[in-house]
Amino acid sequence: MTALVHTRAELQPFLEGFANRKRGVVMTMGALHEGHLELFKRARHDCDLVVATIFVNPLQFGPNEDFDRYPRTLDDDLKLCAEAGVDVVYAPAVEEVYPGGQPIVRVTPGAMGEVLEGEFRPGFFTGVLTIVNKLLNLTDPDVAFFGQKDAQQLALVRRMVLDLNMPIEIVGVPTVRDEDGLAKSSRNRYLSSEERTTALALSRALFAGQEKATEGADAVRAAATAVLKAAVATGRLDLDYLALVDPRDFSEAPPTFSGETVLAVAARVGTTRLIDNLPLTLTTHGAR
C-alpha cells in the first residue's frame, strides 16, 4: 500500500527504515501519466524504497505561464503510484518546501541553463535546480530518476550533482510516447484533437532528423527543419527552437561533430507549449 505524507517528519520513519538499503526518488508535479509510470517502474526495479514527490513548484513558472491552471489531481495520482508499487508519496505544502517564503539563496545553472529552454523561459532552470536540490535534501535518496524528455533539465541536474559533490546517482529514463509518436506530457490534456494532430509535427521532425544521423549534423537539422516549416506554414504551430546540441553542455553541434547529440525542439500549439527531443549518435565527419 502506498503511504501519503506531507512533511519531512512524516517521511523520516520511512527513510530510517531503509537506512542501509537502496532508496530511490522520482520527482513530479503530479498530473501523472505513463511517462511517470516508466520512472516508477525503473525505480521499483532498482531500489528497495521508492519515494515519489508531488509538488507544483511556483519557482519554475514565469509570470505568463500556467501555474494556476496546472492540473492538480492528487487522488488519481495516488492510485497510479499504488499501481506502480511506489512505497510513499511525499506531497508537501509550499510552506514546507519554502519555509522562509521566496528563497533568497537559489541554485543558478550558469551558461548551460541560459540556452534553449533557459532563453525562452528566463529563470526556469534556477527554479528547477533549486527545487531538485531541496527535494534531494528532504528525501535523502541514493538514486534519483528523471525522464529523458526533459533532456536539458536532466543534463543540468547531473551537472549540479557533480559540481556540488552530492553523493547521488542520477538515472535518465527514455521518453514514453503514444502510438502516434507524441511524447507523453501532462500538458497534452490541454490540446484539442486538431491541436494534437498539429503537435505531431514535433516528433515527426525529430524522427526525420534521426534518419539522417549517418549524414552529419547539417543533414539532421535540414530534415527536421523541413517538417517543422510545413507545420509553421499552416499557422497552427509557433516554433521556439530546433537545436542539435552536445549533451555535455547543450552547445550547438558543429557540422563536423561526431558522437552523442540531442536533437531538441520546442513549439506552441494553440496556448500549449510543448517540448520534445531525441538522443542521436552522429557517426560521420570525424570527431571534433
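These numbers come from a predicted model, not from an experiment.
- Interatomic distance, F145 CZ to I170 CD1, rounded to the nearest 0.5 Å: 9.5 Å.
- From F125, atom CZ reaches atom CD of Q60 across 9.5 Å, with rounding to the nearest 0.5 Å.
- Counting heavy atoms from C-beta outward, L156 and M112 have side chains that approach closer than 4.5 Å.
- Put simply, CD on E260 and OG1 on T281 are 3.5 Å apart, with the number rounded to the nearest 0.5 Å.
- Inter-residue side-chain proximity for Y90 and I54 is flagged as unmet; no heavy-atom pair is nearer than 4.5 Å.
- Nearest heavy atoms, L263 versus A205: CD2-O, 4.4 Å.
- You'll find the side chain of C47 stays beyond 4.5 Å of the side chain of F18, heavy atoms only.
- Under the 4.5 Å side-chain contact rule for hydrophobic residues, L4 and L135 do not share a cluster.
- Side-chain atoms of K229 and L237, non-hydrogen and from C-beta on, never get closer than 4.5 Å to each other.
- Note that CG of L182 and OG1 of T175 are 11.0 Å apart. Values are rounded to the nearest 0.5 Å.
- Using a 4.5 Å heavy-atom threshold, the side chains of K184 and H36 count as separate.
- Here the straight-line distance linking atom OH of Y190 with atom CZ of R69 works out to 5.0 Å at 0.5 Å rounding.
- For the residue pair E96/T7, the side-chain donor-acceptor check at 3.5 Å is not satisfied.
- Here the side chain of N57 pairs a donor or acceptor atom with the backbone of G127 at under 3.5 angstrom.
- In terms of modelled atom types and a separation under 3.5 Å, the side chain of N137 and the main chain of N133 share a donor-acceptor contact.
- In terms of heavy-atom proximity, L282 sits nearest to S258 at O-OG, 3.2 Å.
- Distance CG/L274 to CG/N188: 6.0 Å, rounded to 0.5 Å.
- The pair E38-K149 does not meet the salt-bridge criterion, since no charged nitrogen lies less than 4.0 angstrom from a carboxylate oxygen.
- Taking the six-membered ring where tryptophan is involved, the planes of F61 and Y70 are perpendicular, since the angle between them exceeds 60° and thus also 30°.
- Formation of a donor-acceptor pair under 3.5 Å by the T234 side chain with backbone atoms of A230 is not found in this model.
- Figure legend: cation-pi geometry between R23 and F14 absent, as NZ or CZ is not positioned both under 6.0 Å from the six-membered ring centre and within 45° of its axis.
- For D163 and R158, the salt-bridge test fails: no basic side-chain N is under 4.0 Å from an acidic carboxylate O.
- Annotation for T139 and L15: closest pair O-CD2, 3.3 Å, computed over non-hydrogen atoms.
- With salt bridges taken as basic N to acidic carboxylate O contacts below 4.0 Å, one links D180 and R196.
- Note that R273 lies outside the cation-pi zone of F124, set by a 6.0 Å cut-off to the ring centre and a 45° limit from the axis.
- For the pair E211 (side chain) and V220 (backbone), a donor-acceptor distance under 3.5 Å is absent.
- Of the candidates L32, V88, L37, V50, C81 forms a side-chain contact (heavy atoms from CB on, under 4.5 Å) with just one, namely L32.
- Taking all atoms of both residues into account, the shortest heavy-atom contact from M29 to V56 is O-CG2, 3.5 Å.
- Across all their heavy atoms, R44 and D87 have their closest contact at NH1-OD2, 2.9 Å.
- In summary, D46 and R42 engage in a salt bridge, as defined by a charged side-chain N under 4.0 Å from a carboxylate O.
- Side-chain N or O atoms of N277 include none that pairs as donor or acceptor with a backbone N or O of V262 at under 3.5 Å.
- Panel note: side chain D249, backbone A111; no donor-acceptor pair is recorded below 3.5 Å.
- Side-chain N or O atoms of S186 include one that pairs as donor or acceptor with a backbone N or O of A31 at under 3.5 Å.
- The number of heavy-atom neighbours closer than 6.0 Å to NZ of K134, taken from other residues, nucleotides and ligands shown, is above 12.
- Between the T130 side chain and the V107 main chain, a donor and an acceptor come within less than 3.5 Å of each other.
- Within 6.0 Å of CZ in R159 there are 12 or fewer heavy atoms belonging to other residues, nucleotides or ligands.
- Using a distance-only test at 3.5 Å, with no hydrogens or angles considered, a donor-acceptor pair links the side chain of H6 to the main chain of A91.
- Between the T261 side chain and the D246 main chain, no donor and acceptor come within less than 3.5 Å of each other.
- In this structure, L278 and F207 have side chains that are in contact, with non-hydrogen atoms separated by less than 4.5 Å.
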